[in-house]
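As structure tokens, the structure follows; a few thoughts come after it.
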Number of protein chains: 2
Amino acid sequence: MESNVHKISCPDCRLSDLCLPYGLQKNEVQQLATIVKNKRPIHTDEYLYLQGDTCQNLYAVKSGSFRSFIADDNGSEQTIGFYLPGELMGLDALQHGRSTCSIVALETSTVCELPLSHLNELCSQIPSLQHQMMRILGKEISSDHDKIIMLGHRSAKEKMATFLLMLSRRYSGLGFSSTEFNLSMRRQDIANFLGLTVETVSRQFTELNKDGIITVKQRGIQINDITSLKAIVKPCMPDDQLSFIA
Amino acid sequence: MESNVHKISCPDCRLSDLCLPYGLQKNEVQQLATIVKNKRPIHTDEYLYLQGDTCQNLYAVKSGSFRSFIADDNGSEQTIGFYLPGELMGLDALQHGRSTCSIVALETSTVCELPLSHLNELCSQIPSLQHQMMRILGKEISSDHDKIIMLGHRSAKEKMATFLLMLSRRYSGLGFSSTEFNLSMRRQDIANFLGLTVETVSRQFTELNKDGIITVKQRGIQINDITSLKAIVKPCMPDDQLSFIA
DNA sequence: TCCTTCTATTGACATAGATCAAGGTATCAT
DNA sequence: ATGATACCTTGATCTATGTCAATAGAAGGA
């Protein structure tokens, strides 16, 4: 990614169709851009915010990727999701103004900061912005439902296939290859996200690799036979429900 | 519940503090009430709406209870949540105007219908209503996250204890007993919700009963030792994260 | 009241995935 | 380069929970 991503503003941002500006008039996007604060880059393993922080902003991923997770008293974690460019973080804090999860950068990343107070004001003025906010919130909710399905009733193999297909779909939505990409998360993160152990994730990768369905080289994934991958998931899920993670 | 619940309007509704009117001025509540349509009662096993239906409304539970679930190609289901009085259904349809799940009544129940078009208009006019909508959406999202935690990293016993505590908390929020209540859902629904089998749910009930922690008589639950119940969950979850289900 | 059907419990057994343990490979700082 | 540390893979074993099967209890209709 270019070194200047963090200076680009909404009207010029290549992500605008995936992000908040979608469906807005040109002048409305410019209005939105005035309330967006561009932040300095966030480095690997750096936190965007911590569980329990008061949180008066939403954050859009501009480049890179993040992991969100909830920790309990014992320090054990559950990964809630992964965020790729164009996706909105901090929606859980809408309830009380306090974040219920922590968010950490998986690689050097940039975000746009959207102060909630300004955003709410703007929503009252621009109906299509409010509409887009609702759409984004609805999407977050139905994507969470997809995760619930995955965790509740899927085998390890199905979970892995679903995970890969979902990443594939999201990367392709960003204009990247849908069959070749690098994982920005560790095996441990994937395992935790899917409710499995690292060992099981590793074994599943090995098996999918042996079967020729994918080629795994560390973080590098190549999907050789997307049909087979879909077939692993298919018996369990309508095609339009693969839109999730996040 | 009184036989006339479905005629009561927002300003007189005993649920108003749990529902959309929370935080609104008296005259604002009256405005809200004008867009609410009261519907005839919905009977056991009757559907409020079906997965895939175009859905231009939100629905607030007025009395009774509902189960929401997503079905896949094979007809197998995942229960997403249970809805009690004061809770808002249909939020997942905000994304595309199509519901992503089906909702079925667990007993004879009543709902208030809120046309989204009118609601959005009203949100632009009444800032505190918009604020409350955001709060409700944020709550839905963080409650979904709690479910993800539960499904991802909990044993059968922990799931059961969490389930019971959560029901207890929600009933008490409604002004009912927190230690004695009737389940409106079948064992099968609980099992499906928790990602377990009926047999496992049944065995867990039996064990908790034997240990004297609860008394189970069919659908009737009495919590005898809420401390022990919390202790089963405690090692895994901060107290303020028990707010979920829905 | 009896019969049917739906729902819940209990037991015996099988298995997917966890756990434990060891070794390999990449990454990074010195 | 070299060593230290984090990350990943593989194998052997154990166990919680699923599966299959049988029984028992509720609920509802004739």
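No experiment lies behind these values; they were computed from the predicted model shown. Naming: A, B, ... by sequence-line order, numbering from 1 per chain.
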Next item on the list: Write down the distance between CD (A/Gln204) and P (D/dG11), rounded to a whole number of angstrom.
Entry: 15 Å

Check: Does A/Thr197 make a side-chain N or O approach to OP1 or OP2 of C/dA18 shorter than 4.0 Å?
Finding: yes

Note to self: On the side chain of B/Gln188, is there an atom forming a donor-acceptor pair with the base of C/dC6 - under 3.5 Å, no angle test?
What the structure shows: no

Margin query: Which nucleotide wins on minimum distance to the side chain of A/Glu199, given the candidates C/dC20, D/dT9, C/dA8?
Written below: C/dC20

Item checked: Interatomic distance where NZ belongs to B/Lys157 and C1' belongs to D/dT17 [whole Å] -> 13 Å

Next item on the list: Please report, rounded to the nearest Å, how far the P atom of D/dT17 is from the CG atom of B/Leu194.
Entry: 12 Å

Check: In whole angstrom, what separates B/His153's NE2 from C/dT19's P?
Finding: 10 Å

Notebook entry, point to check: Sub-3.5 Å donor-acceptor pair from the side chain of B/Asp211 to the main-chain atoms of B/Leu208, do we have one?
Noted result: no

Item checked: First encountered from the 5' end of DNA chain D, between A/Thr200 and B/Gln218 -> A/Thr200

Next item on the list: Specify the separation, in whole Å, of atom CE of B/Met160 and atom P of C/dA8.
Entry: 12 Å

Margin query: Below the 4.0 Å mark, does D/dT10 have OP1 or OP2 next to a side-chain nitrogen or oxygen of A/Thr206?
Written below: yes

Notebook entry, point to check: Closest nucleotide of DNA chain C for B/Lys210 versus for B/Asp45: which of these residues is on the 5' side?
Noted result: B/Asp45

Note to self: Between B/Lys139 and B/Glu87, does any NZ, NE, NH1 or NH2 come within less than 4.0 Å of an OD or OE carboxylate oxygen?
What the structure shows: no

Next item on the list: Assign the ring pair A/Tyr49 / A/Tyr59 to parallel, tilted or perpendicular, where the plane angle (0 to 90°) is split at 30° and 60°.
Entry: tilted

Notebook entry, point to check: Over how many whole Å does the gap from B/Arg186 atom CZ to D/dA26 atom C1' extend?
Noted result: 14 Å

Next item on the list: Taking only Lys NZ, Arg NE, NH1 and NH2, and the carboxylate oxygens of Asp or Glu, determine whether A/Glu77 and A/Arg67 approach each other closer than 4.0 Å.
Entry: yes

Item checked: Euclidean distance, atom CD1 of residue B/Ile221 to atom C1' of C/dA8 [Å, nearest integer] -> 13 Å

Notebook entry, point to check: If we ignore angles and hydrogens, is there a donor and acceptor under 3.5 Å between the side chains of A/Asn38 and A/Lys62?
Noted result: yes

Checklist line | Under 3.5 Å donor-acceptor pair, A/Arg203 side-chain atoms to C/dT19 base atoms | finding: yes

Note to self: So if I take every side-chain heavy atom of A/Arg187 and compare against D/dC8, D/dG11, D/dG18, which nucleotide ends up nearest?
What the structure shows: D/dC8

